[in-house]
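Here is the structure we will look at, set down as structure tokens.
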Amino acid sequence: MAAIAAAGAPFVPPLVRPLAHRATPTPSAKPLGFAVVGLGSLATNQIAPALQTTKNCRLAAIVTGTPAKAVKWKAQYGIPDRSIYDYDTMDRLADNPDVDVVYVVTPNGLHARDTIKAARAGKHVLCEKPMEVSSERCQAMVDAVKAAGRQLAIGYRCRFEPHHLEMLRVARDRELGEVRLIEAAFGFPIGDPTQWRLKRALAGGGPLMDVGIYAIQSAEMIVGSYPVAVTAVETTKTDPVKFADVEESLAFELKFANGVAASCMTSYKVGGMNRTTAFADRGTFGLTPAFNYDGIRGWRSDAKPLEAPEVDQFATEMDDFADCINANRPTSVSGEMGLRDVRTMMAIYEAARTGRTVQIA
Ligand code: NDP
């Protein structure tokens with residue numbers, strides 16, 4: 001950042017703390033109890049298993065609208081009946097001292113509902129990305145958690161992923177010179193046409209909200225600030241029935257105050273779109289694939305290694321939040337960051353709609 005400031009660009013505070021803060025979570029006296037809300041694919045296949053490997057967290061409660069899942073999770077994880085809730089009873093979390101943190105893993109358009117209930121129950125909240133489907137709802141979440149005197153973190157797992165942190169280090173140390181351009185893309189062919197990800201009310205949009213956000217986050221991480229303007233083009237829909245409610249694919253550019261631009265793509269149509277590349281004065285470096293749960297590979301044009309250890313990104317993310325709560329230190333993946341990214345995505349949609357460059361104040 002000092003280098004960017006010296007080059008005449010406005011100084012923007014770094015968005016992340018150094019790696020050392022998060023690589024070795026401090027064991028707390030008592031692991032923090034997590035209540036998982038919404039027992040879908042991510043909660044079942046990633047979060048619950050990750051909670052078994054965390055240093056500072058434990059699975060203490062569940063909130064589900066599906067009684068059969070409650071039975072299964074109770075048997076599998078030994079959750080007592082008093083710690084099993086549905087969406088209408090979850091305000092009773094207020095009376096459960098076993099729960100410190102509520103992890104919201106419901107569809108995007110329900111994050112505000114569940115976060116605000118958790119905050120009113122006096123709990124810290126870790127909410128999955130994207131934070132919500134509008135900046136107004138994100139603001140309501142920030143306000144509710146603040147009013148409760150608790151912390152709100154967004155599930156930006158790549159902020160804790162060692163390959164991404166190594167890419168950030170190469171950029172910050174200018175090992176290949178000043179970064180001038182970034183290219184990032186994340187997409188996958190979506191299946192079931194009836195799923196909530198294709199419904200605007202629950203998803204807020206299409207692939208941009210779901211996975212394009214990783215490209216935005218990667219660019220923000222490398223540059224160390226938020227974009228100030230965007231342009232965007234929505235590509236022609238090849239399946240206007242399936243994608244009646246949301247975009248199918250989108251190309252967009254993020255413009256940063258220091259002159260760096262990030263050219264990004266996202267899609268629900270094609271696979272193999274999973275990369276981030278930084279173009280610097282003396283070479284290029286990047287991650288391909290970049291955004292998977294594991295198997296991330298780094299590379300540099302000077303043939304030096306861009307390597308890092310493999311971690312469970314969800315365990316690392318949860319341990320970091322527990323660390324922040326225990327140390328009374330603000331999380332680096334704040335609600336304000338989540339809100340800013342939702343504003344950026346809304347600006348991208350506006351740019352695609354109008355064909356204009358949209359400034360983000
Ligand atoms: P799923 O559809 O698999 O699960 C969502 C769960 O939310 C459902 O199983 C259900 O659980 C609950 N739910 C409550 N109301 C509804 C509703 N009206 N419609 C559908 N489900 C409902 O989604 P995912 O697990 O894939 O995604 C959940 C969240 O996690 C999203 O915000 C997504 O963006 C995010 N995510 C983040 C990832 C990451 O890498 N950080 C990866 C994947 C997803 P129940 O039956 O228990 O009530």
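Ligands are counted one by one from 1 in listed order, and the atoms in each one are counted from 1 as well. Everything numeric in this text was worked out from a predicted model, so none of it was measured.
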Distance-only N or O hit between ligand 1 and [X], under 3.5 Å:
X: Ala43; result: no
X: Gly65; result: yes
X: Arg113; result: no

Distance filter under 4.0 Å to [X] heavy atoms, resulting ligand 1 atoms:
X: Phe314; value: 39 (C), 40 (O), 41 (N)
X: Tyr214; value: 38 (C), 39 (C), 40 (O), 41 (N)
X: Asn108; value: 31 (C), 32 (O), 33 (C), 34 (O)

[X] side chain to [Y] backbone, donor-acceptor under 3.5 Å:
X: Gln313; Y: Tyr293; result: yes
X: Glu132; Y: Gln139; result: no
X: Lys242; Y: Gly191; result: yes

request  = Check the pair Glu220 / Tyr156 against side chain to side chain donor-acceptor pair (under 3.5 Å), numbers first and verdict last.
outcome  = CA-CA 12 Å; Glu220 289 176 345; Tyr156 287 138; over 6 Å; no
Could you find the nearest protein heavy atom to [atom] and give me its residue, atom name and distance?
atom: atom 40 (O) of ligand 1; result: Arg157 NE, 2.6 Å
atom: atom 12 (C) of ligand 1; result: Tyr87 OH, 3.3 Å
atom: atom 25 (O) of ligand 1; result: Leu42 N, 2.9 Å
atom: atom 24 (P) of ligand 1; result: Arg197 NH2, 3.8 Å
atom: atom 4 (O) of ligand 1; result: Gly40 CA, 3.2 Å
atom: atom 42 (C) of ligand 1; result: Tyr293 OH, 3.2 Å
atom: atom 7 (O) of ligand 1; result: Pro107 CD, 3.3 Å
atom: atom 28 (C) of ligand 1; result: Val105 O, 3.1 Å

Closest to atom 8 (C) of ligand 1 among Gln46, Glu132, Lys69, His111 (heavy-atom distance) = Lys69
inquiry  = Check the orientation of Phe291 and Tyr214. Use parallel for under 30°, tilted for 30 to 60°, and perpendicular for over 60°.
reply    =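 Taking Tyr214 first and then Phe291, their aromatic rings sit tilted (interplane angle of 30° to 60°).
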ask   = Is the shortest side-chain N to carboxylate O distance from Arg275 to Glu183 below 4.0 Å?
value = yes
message = Closer than 4.0 angstrom, basic N to acidic O: yes or no for Lys255 and Glu253?
response = yes
query = So is Arg197 actually on top of Tyr268's ring, under 6.0 Å and inside 45° of the axis?
reply =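 No, cation not above the ring by the 6.0 Å, 45° rule.
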